[in-house]
Structures are given as C-alpha cells and as structure tokens.
Amino acid sequence: MEELDSIPKTLMENLLGLLRVRVKRGINLAVRDVRSSDPYVVIKMFNQKLKTRVIKKDVNPEWNEDLTLSIIDPNHQVKLTVYDHDTFSKDDRMGDAEFDIFPFIEALKSNLSGIPNGTVIKRIQPSRENFLADESCITFANGKVVQDMILRLQNVECGEVEIQLQWIDLPGAKGIAKGT
C-alpha cells in the first residue's frame with residue numbers, strides 16, 4: 001500500500017505545472033468531405049493525448065476550447081493534428097504541426113515584477129525550424145504570461161490553427177525556478 005501512496009507524490013515532485021493550450025480556431029482548413037469538413041484537434045505530448053469537440057461542416061471552426069497538459073519535461077515537443085470526423089470511415093487527417101514550449105517556459109522564468117500589463121517578453125519569428133505562420137509573441141497580460149501562436153499545418157494543402165498557451169502553477173508541484 002505504501003508504494004501506491006508514493007506514486008502521486010513522485011509525479012508531483014517531477015511535475016513543473018500545467019500548460020493550458022487554448023485551441024482558438026482553425027483558419028482555411030482543407031475540405032475533406034463533399035463541400036466542407038467536420039474538424040477536431042488532437043494535441044499530443046509524450047504520453048498525453050487530448051482532443052477538442054468536433055465542429056460540423058466548417059473549414060473555419062471556432063473551438064475556443066482549453067486542453068491542459070501536465071508538464072514534466074519542457075523539452076518535449078507538442079504535436080497538434082487536425083482530423084475530419086467521419087461517421088462511417090476512419091477520420092481523415094487534415095494536417096499537423098508541432099510547437100516548442102521551451103521559449104514559453106524560459107519567459108516564465110524571467111523576473112516579471114513591475115513590468116506593465118501588455119508587455120511583450122519575447123517575439124518568435126516564423127522559420128523553417130518551426131510551424132509558425134506569423135510572429136508569435138509571449139506577453140505579460142493580466143498578471144499572467146501567455147503566448148499566442150498561429151501554426152501552419154503541414155502534410156496538407158492549406159490550413160492554420162490559432163492557439164494560446166498559458167501556464168498554471170500547481171501547489172505541491174516542482175514548479176519553474178525563477179531567474180535560473
């Protein structure tokens with residue numbers, strides 16, 4: 001029985017905190033049904049897999065849905081895949097992208113005391129090494145650090161997904177050491 005009690009404690013000791021991924025919307029997603037698609041998003045990180053609800057017949061869906069990942073290692077990539085829900089056959093892939101949370105975690109470690117609301121902490125430019133469709137800003141807003149991203153989907157003819165990252169500190173978790 002003692003072993004079972006120590007498992008969550010060990011997890012909490014290794015857990016840095018939670019990453020809330022707000023899946024805002026899809027932009028110009030690929031058509032996979034006759035005239036439209038029934039898209040949903042799957043987010044995977046290490047052994048975690050989360051998904052949004054399906055939005056029927058919309059290639060510009062608005063999910064505005066929060067998916068929460070437990071973060072143990074900030075060096076793991078997060079993979080985002082868009083699927084078209086099909087009732088009678090296997091769901092079609094509508095593209096995928098990966099994003100790095102390391103710059104976001106680094107920004108959280110900064111000394112943010114006294115900085116004005118709305119301050120941009122870091123800007124990340126689109127490049128061949130990332131899936132950004134536009135500049136991504138890590139901003140200090142309303143006492144929290146947030147990162148807005150528009151990800152260009154690959155392995156598909158068109159489509160982008162807009163997301164926002166926000167950190168949730170957990171009591172009892174290892175946390176992120178400030179200023180290191």
Side-chain angles (χ1 to χ4, degrees), residues 8-27 29 39-55 58 60-83 94-113 115-124 126 130-153 159-180:
K9 186 172 184 269
T10 307
L11 178 66
M12 286 303 280
E13 284 169 0
N14 292 326
L15 189 67
L16 297 175
L18 301 176
L19 181 70
R20 178 180 294 147
V21 180
R22 169 161 286 167
V23 181
K24 291 182 165 185
R25 64 192 182 117
I27 305 157
L29 298 178
Y40 65 94
V41 174
V42 173
I43 289 191
K44 287 184 186 172
M45 181 183 199
F46 196 49
N47 57 358
Q48 301 171 78
K49 180 179 175 181
L50 305 165
K51 67 188 214 180
T52 65
R53 69 191 187 283
V54 173
I55 304 233
D58 197 343
N60 293 293
E62 301 231 358
W63 287 284
N64 288 316
E65 207 166 314
D66 290 338
L67 304 177
T68 305
L69 293 165
S70 303
I71 305 301
I72 292 168
D73 182 351
N75 296 309
H76 280 293
Q77 289 273 320
V78 181
K79 186 166 176 97
L80 177 148
T81 308
V82 182
Y83 291 94
M94 294 172 58
D96 53 81
E98 290 183 4
F99 60 93
D100 196 356
I101 63 166
F102 192 74
F104 180 73
I105 301 293
E106 287 299 298
L108 287 167
K109 293 180 181 180
S110 314
N111 180 2
L112 303 171
S113 59
I115 71 166
N117 189 32
T119 300
V120 174
I121 301 164
K122 183 174 175 105
R123 295 175 192 275
I124 302 158
N130 63 38
F131 293 87
L132 295 174
D134 206 347
E135 178 180 81
S136 173
C137 291
I138 302 173
T139 311
F140 184 72
N142 303 320
K144 296 190 178 296
V145 176
V146 295
Q147 181 175 2
D148 289 297
M149 287 186 219
I150 298 177
L151 298 169
R152 181 174 288 124
L153 298 175
E160 298 172 350
V161 175
E162 185 177 344
I163 63 171
Q164 182 184 69
L165 305 183
Q166 185 178 324
W167 189 254
I168 303 168
D169 278 316
L170 271 186
K174 184 176 176 181
I176 294 173
K178 307 275 186 216
T180 57

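Only this structure's heavy atoms are used, side chains among them; waters, hydrogens and symmetry mates stay out.
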Hey, could you give me the [atom1]/[atom2] distance between [X] and [Y], rounded to the nearest 0.5 Å?
X	Y	atom1	atom2	answer
Lys144	Gln166	NZ	CD	5.0 Å
Ile168	Leu16	CD1	CG	13.5 Å
Asp169	Ile176	CG	CD1	7.0 Å
Ile150	Ser136	CD1	OG	9.0 Å

> Is there side-chain contact between Ile121 and Leu112, with at least one heavy-atom pair below 4.5 Å?
Replying inline: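 A side-chain contact under 4.5 Å exists here.
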> How are the rings of Trp167 and Phe104 set relative to one another: parallel (under 30°), tilted (30 to 60°) or perpendicular (over 60°)?
Replying inline: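 It falls in the tilted class, 30° to 60°.
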Please report, to 0.1 Å, the donor-acceptor pairs under 3.5 Å made by any side chain of residues 60-69, with sequence neighbours excluded.
| unit_1 | atom_1 | unit_2 | atom_2 | d |
| --- | --- | --- | --- | --- |
| Asn60 | OD1 | Asn28 | N | 2.6 |
| Trp63 | NE1 | Thr52 | OG1 | 3.3 |
| Trp63 | NE1 | Arg53 | O | 3.0 |
| Glu65 | OE1 | Arg53 | N | 3.2 |
| Glu65 | OE1 | Arg53 | NH1 | 2.6 |
| Glu65 | OE2 | Arg53 | N | 3.2 |
| Asp66 | OD1 | Arg22 | NE | 2.8 |
| Asp66 | OD1 | Arg22 | NH2 | 3.3 |
| Asp66 | OD2 | Arg22 | NH2 | 3.0 |

Validation: residues 71-82 side-chain donor-acceptor distances under 3.5 Å, sequence neighbours left out:
| unit_1 | atom_1 | unit_2 | atom_2 | d |
| --- | --- | --- | --- | --- |
| Asp73 | OD1 | Asn75 | N | 2.8 |
| Asp73 | OD1 | Asn75 | ND2 | 3.2 |

> Are the charged groups of Lys24 and Asp148 less than 4.0 angstrom apart, N to O?
Replying inline: yes
> Who passes ring pair (Phe, Tyr, Trp, His ring centres under 6.0 Å) against Phe140, sequence neighbours left out?
Replying inline: none
> Is the backbone N or O of Gly26 less than 3.5 Å from a side-chain atom of Glu160, with the two atoms forming a donor-acceptor pair by type?
Replying inline: no
>> I'd like to know if the side chain of Thr139 reaches the main chain of Val120, judged simply by a donor and an acceptor atom lying under 3.5 Å from each other, with no hydrogens or angles considered.
In response: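 No, Thr139 side chain to Val120 backbone: no donor-acceptor pair under 3.5 Å.
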Closest heavy-atom contact between [X] and [Y]?
X	Y	answer
Ile124	Pro103	CD1-CB, 3.7 Å
Leu151	Ala97	CB-CB, 4.0 Å
Pro126	Asn130	CA-OD1, 3.5 Å

